[in-house]
Amino acid sequence: MEQLITEIEQAAQVEQVVREVGHLLAERQSAEPIAARTRAEALAAFGALDRPATGLLRERLGALRPQAGWLTDELATALPADGEWWSCDATDGAVQYLLGLPHWAVTATLLREGRAVLAVVHAPRLGATYTAVRGAGARLNGRRIRPSERELAVAVVATSHPPTITEEPDALRRVGATTSAVIGAGVLAVRNLGPTALQVAQVGSGHLDAFWECGLDAPNLLGGALIAAEAGARVTDHAGRPWQPSTSTGFLAAPVGQHEALVRVLGAVA
């Protein structure tokens, strides 16, 4: 119990850090799309903004938990099973950020012994801050949240794909197959609303009914997955088994009332 109370207090400190970084980035975001004609130009423009934000995030979080490591892209593909690690993204939704759109977020997730125990997803332009501590529920702007209770026929569900999807041919095939299957199942709409972590968190608050993805994408899914699960959503792979960040090539977060039907839909084309 004492550890849980400590982590709840720490979540508030992490939220302050994430908000500080979000404020910095929001001030520097232009309302106009960045003038970049090539991929190299876009990456250079984004790096000039993202590098200092990431540095600030790492500095502030490092001061809060000096014993915690920092996940790199290489480590994120196989999460360490021991110790504490930060999995963070100063600008989750880089494409939207560069285009002057509001759908981006700052994320910070603390892992312990390979499991997410604390997560903050802050979308400055949308005025939305999600927080969760394992065993203590999830909140949006300080208010406890829970998934929707809508039927699948009126559900708005979302999907995205990992940045490395072209390196996973089978997952790339399933992106199209599962999208067709979910639309064919009679949902009201399928959308991609930007940052993966934020969309998964929005399942927890009922702003979206469900989110699925194909391929390995642990860094983008970990924080939102904890928030959705703590809110009461079911988080699994496409077959309904527990989602394993390092090995599951399918992800699903959905309310209990919709989960079984979506597993049937996704499992049929997996």
Side-chain angles (χ1 to χ4, degrees), residues 39 42-43 71-81 85 87 89 92-96 103 107 109 111 114-116 119 121 152 155-204 208-229 233-255 258-270:
R39 181 182 180 89
L43 289 175
L71 284 182
T72 62
D73 289 341
E74 292 78 13
L75 286 174
T77 58
L79 300 180
W85 298 82
S87 176
D89 192 341
D92 184 17
V95 172
Q96 292 79 242
H103 302 92
T107 71
T109 306
L111 310 179
R115 295 203 312 165
V121 175
L152 202 60
V156 176
V157 302
T159 188
S160 185
H161 57 77
T164 57
I165 188 66
T166 56
E167 299 172 15
E168 300 179 64
D170 184 62
L172 182 59
R173 175 192 63 80
R174 288 189 289 120
V175 168
T178 55
T179 301
S180 296
V182 172
I183 294 173
V187 300
L188 184 64
V190 172
R191 297 288 183 264
N192 183 340
L193 300 178
T196 298
L198 179 60
Q199 292 185 92
V200 180
Q202 287 172 321
V203 174
L208 288 172
D209 290 283
F211 178 93
W212 90 93
E213 191 174 87
C214 302
L216 293 168
D217 197 18
N220 289 318
L221 290 167
L222 282 164
L226 177 64
I227 292 166
R234 291 201 63 191
V235 175
T236 68
D237 67 8
H238 291 175
R241 299 172 299 230
W243 177 65
Q244 303 297 332
S246 296
T247 58
S248 294
T249 58
F251 175 90
L252 172 64
Q258 296 179 13
H259 184 267
E260 185 177 348
L262 286 169
V263 165
R264 287 197 300 269
V265 172
L266 295 172
V269 295

Between the side chain of T236 and the main-chain N/O of W243, is any donor-acceptor distance below 3.5 Å?
no

Looking only at the side chains, is there a donor atom on one of T249 and R174 sitting less than 3.5 Å from an acceptor on the other?
yes

Do T178 side-chain atoms and V175 backbone N/O form a donor-acceptor pair below 3.5 Å?
yes

Approximate separation, where rounding is to 0.5 Å, of I165 CD1 and C214 SG
6.5 Å

Short question: side chain of Q199, backbone of G194 - any donor-acceptor pair under 3.5 Å?
yes

Of all the heavy-atom pairs spanning V203 and P255, show the shortest one and how long it is.
CG1-CD, 4.5 Å

Is there side-chain contact between L71 and P80, with at least one heavy-atom pair below 4.5 Å?
yes

So do the side chains of L266 and V182 get within less than 4.5 Å of each other, counting heavy atoms only?
yes

Quick check: does any side chain N or O of D237 sit under 3.5 Å from a backbone N or O of R241, one acting as donor and the other as acceptor?
yes

So do the side chains of W212 and V157 get within less than 4.5 Å of each other, counting heavy atoms only?
yes

Any side-chain heavy atom of T109 within less than 4.5 Å of one from L111?
yes

Is it the case that the side chain of S246 and the backbone of L79 share a donor-acceptor pair, with hydrogens and angles ignored and the cut-off at 3.5 Å?
yes

Are any non-hydrogen side-chain atoms of D217 and P163 less than 4.5 angstrom apart?
yes

Would you compute the distance between atom CG of L222 and atom CD1 of I227 and round it to the nearest 0.5 angstrom?
11.0 Å

I need the Q96 CD to H103 NE2 distance, nearest 0.5 Å.
8.0 Å

Minimum heavy-atom separation for A225 and V200, please, with both atom names.
N-CG1, 3.6 Å

Minimal non-hydrogen separation, T107 against A197, with atom names:
CG2-CB, 3.9 Å

Between H238 (side chain only) and F251 (backbone N and O only), is there a donor and an acceptor less than 3.5 Å apart?
yes

Please indicate whether H161 has more than 12 foreign heavy atoms, meaning atoms of other residues, nucleotides or ligands, lying under 6.0 Å from its NE2.
no

List the atom of P242, the atom of S248, and the distance in Å for their closest heavy-atom pair.
O-OG, 4.1 Å

A261 versus L152, closest heavy-atom pair with distance
CB-CD2, 4.0 Å

Nearest heavy-atom approach of P169 to E167 is CD-O, 3.5 Å

Test item: E168 and L216 side chains (from C-beta on) under 4.5 Å apart, heavy atoms
yes

Just so I know, are the side chains of L198 and D92 near enough to count as touching, which here means a heavy-atom distance under 4.5 Å?
no

